[in-house]
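Side chains are part of it too, since the values below use all heavy atoms of this structure and drop only hydrogens, waters and symmetry mates. For ligands, and for the atoms within them, numbers begin at 1 and follow the listed sequence.
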Amino acid sequence: MSSNLRIDGARLVSRLTALSMIGATPEGGCRRLALTDEDKQGRDWLVGQMQALGLEVKIDAIGNIVGILKGQQEGPAVIMGSHIDTVGTGGRFDGALGVIAGVEVLAALRDAGLTPKRDMAVIAFTNEEGARFHPDMLGSYVWAGGMSVAAAHAETDSEGVGLGAELRRIGYEGQEEPGFLKAHAYLEMHIEQGPVLESEGGGLGAVTGIQGICWLELTLKGRPSHAGTTPMAYRKDPGLAAARINIFANELTKTIPGQLANSGVIRVQPGNVNVVPETVVMSLDLRNPLDAPLAQAEAAVRAFCTELSERDDIQISIRDLARFPATPFTEELIASVEQSAAEFGLPIRRMISGAGHDAQMMSRLCPTAMVFIPSIGGLSHNPAEFSTDDDMVAGANVLLSAAWRVANA
Ligand code: GLV
Ligand code: MN
Ligand code: MN
């Protein structure tokens, strides 16, 4: 690497602070759900930053924002990226940091007057969180050819509002075809979002891959009835069934190694204190580093639902919201991330990612790797999410070094 090449740490922190003011919550976090007015404001701000840097800015048909720094030769680009949408109770760092670090990498090259051999780019992918529209990582999934633009536009949120309509409303249905910029390699920096790095005494993470994800939506239908007059034996209570399923999934995690499970959405209708409910719509998030045990967990949940449905006379239908296999990253690029950390004298350890990331989709297209920085208290998807300035700058320097190396190889 050009030995003096460094991220401008103060500028990285100030850009992140500026973005975190958009959709800021009183608890100190961020709420920029995909394709809402707050997301639009964040997008407008990002496009402004990219344009001010002199990047070529393009928007594709799914709203992915692409900032390109032209290299010396034609051909596939070294792409960095992440997302700027958040969950409803998000923090300031998840996704935003990866996008801003990518922008700062290109800014550092501009400052140094350096032009890479290959094109380089940073992408802010649409709806990574999956908190509003399903599946998660939707923008990068479409970019990688896993889902058509039409199918993605047809997705609706829990209020029935269409993704395509929202893209048009906020002015981010672009002209470019997703995937228009061919990828030579993809690198993403992200907060760890878990406790491992901090509990190991700090340092960075060279991510070896991402665990498998299965999101299910279960609709349970019973019979609404009077809470005071209906004897227990006469009830068909989907609220109780939802509780049983939740507990079953939790117990399952004790019998299948590596298995995680939780229900993050439970909507009860009609939602009156004195009515045995009619319907419950609930989600299940099942994850495992290995595909076979994940499939085993899903099969066990489905079998339990069939049994429950027959025993308690509750109708249960199950729909896939997201399903992505465990994804290993590319050895050569993981090693490159480690080499860059070593050049800066930074400790780094290999680890798998518990969270989904756009890198999981990009790895369908090209060699991919990620660098993690510690999350204080292991918290994420929480307003208290926090990473130190020093760790952010360290991670961004590693991103810069690794991206510069692969862009000139
Ligand atoms: C993305 O944030 C995920 O749910 O892993
Ligand atoms: Mn993220
Ligand atoms: Mn997230």
Side-chain angles (χ1 to χ4, degrees), residues 16 19-20 23 25 29-34 38-39 42 46 64-65 80-102 122-141 143 186-196 205 207 209-217 258-265 283-289 294 320-327 351-363 368 370-375 378-387 392 395 399:
L16 186 74
L19 179 54
S20 67
T25 60
C30 273
R31 181 181 174 86
R32 279 193 309 270
L33 286 163
E38 291 76 23
D39 188 24
L46 178 64
N64 295 321
I65 300 170
M80 298 166 289
S82 201
H83 59 99
I84 64 165
D85 68 314
T86 71
V87 296
T89 52
R92 293 176 288 139
F93 303 82
D94 176 3
L97 177 60
V99 173
I100 285 169
V122 56
I123 305 184
F125 291 105
T126 295
N127 190 65
E128 188 273 350
E129 291 291 3
R132 185 171 180 208
F133 298 100
H134 308 303
D136 54 343
M137 299 167 284
L138 179 141
S140 47
Y141 192 33
W143 179 276
Y186 179 78
L187 284 163
E188 179 168 350
M189 173 188 167
H190 206 284
I191 55 169
E192 180 204 336
Q193 308 183 269
V196 175
V207 185
I210 298 188
Q211 68 178 342
I213 300 176
C214 168
W215 284 3
L216 303 175
E217 181 185 78
Q259 186 60 41
L260 303 171
N262 76 287
S263 176
V265 174
S283 63
L284 272 184
D285 182 323
L286 306 173
R287 303 196 199 200
N288 196 299
L294 181 59
D320 282 9
L321 295 183
R323 180 181 297 280
F324 298 118
T327 305
M351 62 189 300
I352 187 169
S353 170
H357 296 291
D358 295 304
Q360 195 170 5
M361 301 301 122
M362 291 302 286
S363 74
T368 293
M370 292 183 75
V371 56
F372 273 175
I373 65 165
S375 290
L379 280 178
S380 186
H381 289 184
N382 182 317
E385 182 180 274
F386 186 73
S387 294
M392 288 196 279
L399 180 71

Original post:
Does any non-hydrogen side-chain atom of E128 lie less than 4.5 Å from one of Y141?
Top reply: no
Subject >> Test of proximity, E129 against ligand 1: N or O pairs below 3.5 Å >> reply: yes
Original post:
For Q193, is the nearest heavy atom under 4.0 Å from an atom of ligand 1?
Top reply: no
Original post:
Restricting to N, O or S atoms of D94, which is nearest to the Mn ion (ligand 2)?
Top reply: OD1
Subject >> pair E129-D94: side-chain heavy atoms closer than 4.5 Å >> reply: yes
Original post:
At a 4.0 Å threshold, what atoms of ligand 1 neighbour a non-hydrogen atom of G356?
Top reply: 1 (C), 3 (C), 5 (O)
Subject >> Angle subtended at the Mn ion (ligand 2) by H83 NE2 and H190 NE2, rounded to 10 degrees >> reply: 120°
Original post:
Rounded to 10 degrees, what angle sits at the Mn ion (ligand 3) between E129 OE1 and H381 NE2?
Top reply: 90°
Original post:
Does even one non-hydrogen atom of H381 get within less than 4.0 Å of ligand 1?
Top reply: yes
Subject >> Partner of I84 by side chain to side chain contact (heavy atoms under 4.5 Å, CB included), out of V99, I100, T126 >> reply: V99
Original post:
How does R287 reach ligand 1, if at all, at less than 4.0 Å between non-hydrogen atoms: by side chain, backbone, both, or neither?
Top reply: side chain
Subject >> E188 and S82 side chains, donor-acceptor separation under 3.5 Å >> reply: yes
Original post:
Counting backbone and side chain alike, does E128 bring an N/O/S atom below 2.8 Å of the Mn ion (ligand 3)?
Top reply: no
Subject >> Test item: H83 and H190 side chains (from C-beta on) under 4.5 Å apart, heavy atoms >> reply: yes
Original post:
Hey, what do you get for CG (L187) to OG1 (T368), rounding to the nearest 0.5 Å?
Top reply: 8.0 Å
Subject >> Sub-3.5 Å N/O-N/O distance, I213 and ligand 1 >> reply: no
Original post:
So do R132 and D39 actually touch side chain to side chain, heavy atoms under 4.5 Å?
Top reply: no
**OP:** Please identify which atoms of ligand 1 are closer than 4.0 Å to at least one heavy atom of A355.
**Re:** 5 (O)
Original post:
Do L46 and L19 have side-chain heavy atoms sitting under 4.5 Å apart?
Top reply: no
